[in-house]
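As the structure is a computational prediction, the values presented were derived from the model and not from experiment.
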Amino acid sequence: MEKLQGKVALISGGAQGLGQQICYQLAEAGATVIAGDIQEEKAAGTVKTITEKGGKAVAMRLDVSSEQSVKETIEKIKSEYGRLDILVNNAGIDFTKSILELSVSEWDAAFAVNLRGPFLMSKFGLEVMSEQKSGNIINIVSTASLRAWTEASVYHASKWGLRGFSHALFTEARKVNVKVTAIIAGGMSTPFLLDRFPDIPPQNLQDPKNVATKIRYIIEDDTDTVVPEILILPLMETSWP
């Protein structure tokens, strides 16, 4: 059943990994999917897979660290589709370095994508959703927002911040009937991890499709119940608990 028929969804980082799987799941549920990413060719690949299966999707260049890019993208979506029902803040970057090796520009870059990006996306997205008096905002957080490990200071700081922002956003967005959920996802078999840590045992990671299906389930719920936060782990997760 296509429960999201007629809905419009914007997914940042939709070119690969979890973002791509979320695009697949929401399109399968009937939504019109916008795969937003700075990797335009890969985003186009995501869209091709969806449309070849009869789904509705388009790729848009989106730089979540740029206020102008975010604003223009959301304005374009509203102009072309008349609405925005689902916003998934998935784009993220990391620099695996000690604090002494981490440059100030790398710190700023990670915060620009991981925390400032969701703020910009939510700010301009919520403006559209407020007019509709409906919508879902999903923030992809991480188990890195619950504890800390070495050589990941900027990722931890940005994800702890994103978790706090998500809960604050939840309290404001619900006033206009918009649901906000923080997805605290454990390790996944995605380029985000495997490109940097190819030796991670496969059994310690989860298929990103599994996380995407949980997100789809939350978005498909049209009751007056909201899930402010959910923890989704691989069965053999080693970073949490």
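Put simply, the side chain of Lys7 does not reach to within 4.5 Å of the side chain of Ile219, judged on heavy atoms. Side-chain contact check for Ser153 versus Trp107: some heavy-atom pair is nearer than 4.5 Å. Residues Glu151 and Lys97 are not in side-chain contact: their nearest non-hydrogen atoms beyond the backbone lie 4.5 Å or more apart. For the pair Val154/Glu106, no side-chain contact is recorded, criterion being any heavy-atom separation below 4.5 Å from C-beta on. Counting heavy atoms from C-beta outward, Met121 and Leu10 have side chains that approach closer than 4.5 Å. Under the 4.5 Å side-chain criterion, counting only non-hydrogen atoms from C-beta, Thr143 is in contact with Leu231. Under the 4.5 Å side-chain criterion, counting only non-hydrogen atoms from C-beta, Lys214 is not in contact with Tyr217. Taking the side chain as every heavy atom from C-beta outward, Val128 and Ile77 never approach each other to under 4.5 Å.
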ask   = Under the side-chain contact (heavy atoms from CB on, under 4.5 Å) criterion, do Gln25 and Ile215 qualify, and how do the steps go?
value = CA-CA 9 Å; Gln25 287 296 314; Ile215 293 169; over 6 Å; no
Pair Asn90-Ile183, side-chain contact (heavy atoms from CB on, under 4.5 Å): steps then yes or no = CA-CA 10 Å; Asn90 167 74; Ile183 304 293; over 6 Å; no
query = Would Asn114 and Leu162 count as a side-chain contact (heavy atoms from CB on, under 4.5 Å) if you check the C-alpha gap in whole Å, the side-chain angles of each, and the deciding distance to 0.1 Å?
reply = CA-CA 7 Å; Asn114 297 354; Leu162 180 57; over 6 Å; no
message = One pair to check against side-chain contact (heavy atoms from CB on, under 4.5 Å): Ile140 and Val88. What are the steps and the verdict?
response = CA-CA 7 Å; Ile140 306 302; Val88 182; 4.2 Å; yes
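One distance of note links CG of Asn210 with CG of Leu233; it measures 12.0 Å at 0.5 Å rounding. Going from atom CG of Asn139 over to atom CD of Glu229 covers 11.0 Å, rounded to the nearest 0.5 Å. Atom-to-atom distance recorded for Ile74:CD1 and Ser79:OG is 13.5 Å, nearest 0.5 angstrom. Atoms NZ and CD1, from Lys56 and Ile34 in turn, are 11.5 Å apart once rounded to the nearest 0.5 Å. For the atom pair CD1 (Ile86) and CG (Leu4), the distance works out to 5.0 Å, reported to the nearest 0.5 Å. For the atom pair OG of Ser166 and CG of Asn89, the computed distance is 8.0 Å after rounding to the nearest 0.5 Å.
Not a single donor-acceptor pair under 3.5 Å links the side chain of Lys53 to the backbone N or O of Thr49. In this structure a side-chain-to-backbone donor-acceptor pair under 3.5 Å is present from Thr46 to Ala15. Side-chain atoms of Gln39 do not come within 3.5 Å of backbone N or O of Gln16 as any donor-acceptor pair. A distance-only check finds a donor-acceptor pair linking the side chain of Asp85 to the backbone of Val8 [under 3.5 Å]. Within the 3.5 Å criterion, the main-chain N or O of Asp221 finds no donor-acceptor partner in the side chain of Lys3.
Ser69 and Asp63 share no donor-acceptor pair across their side chains, judged by distance under 3.5 Å alone.
Taking the charged nitrogens against the carboxylate oxygens, Glu131 and Lys78 do have a contact shorter than 4.0 Å, which makes a salt bridge. Ion pairing of Glu67 with Lys71 is absent here, as no side-chain N (NZ or NE/NH1/NH2) approaches a carboxylate O to less than 4.0 Å.
In this structure, Trp149 and His156 have perpendicular ring planes: the angle between them is above 60°, well past the 30° mark.
Residue-environment remark: CD1 (Ile38) stays at or below the threshold of 12 foreign heavy atoms within 6.0 Å.
Cluster annotation: Met236 is not connected to Met188 through the hydrophobic network of ILVMFWY side chains, with a link wherever side-chain heavy atoms come within less than 4.5 Å. Hydrophobic cluster membership is shared by Phe119 and Phe111, with clusters built from Ile, Leu, Val, Met, Phe, Trp and Tyr side chains linked at under 4.5 angstrom. Taken together through direct or relayed side-chain contacts under 4.5 Å among Ile, Leu, Val, Met, Phe, Trp and Tyr, Val47 and Val33 form parts of separate hydrophobic clusters. When hydrophobic clusters are built by joining Ile, Leu, Val, Met, Phe, Trp and Tyr residues whose side-chain heavy atoms come closer than 4.5 Å, directly or via intermediates, Trp160 is not grouped with Ile184.
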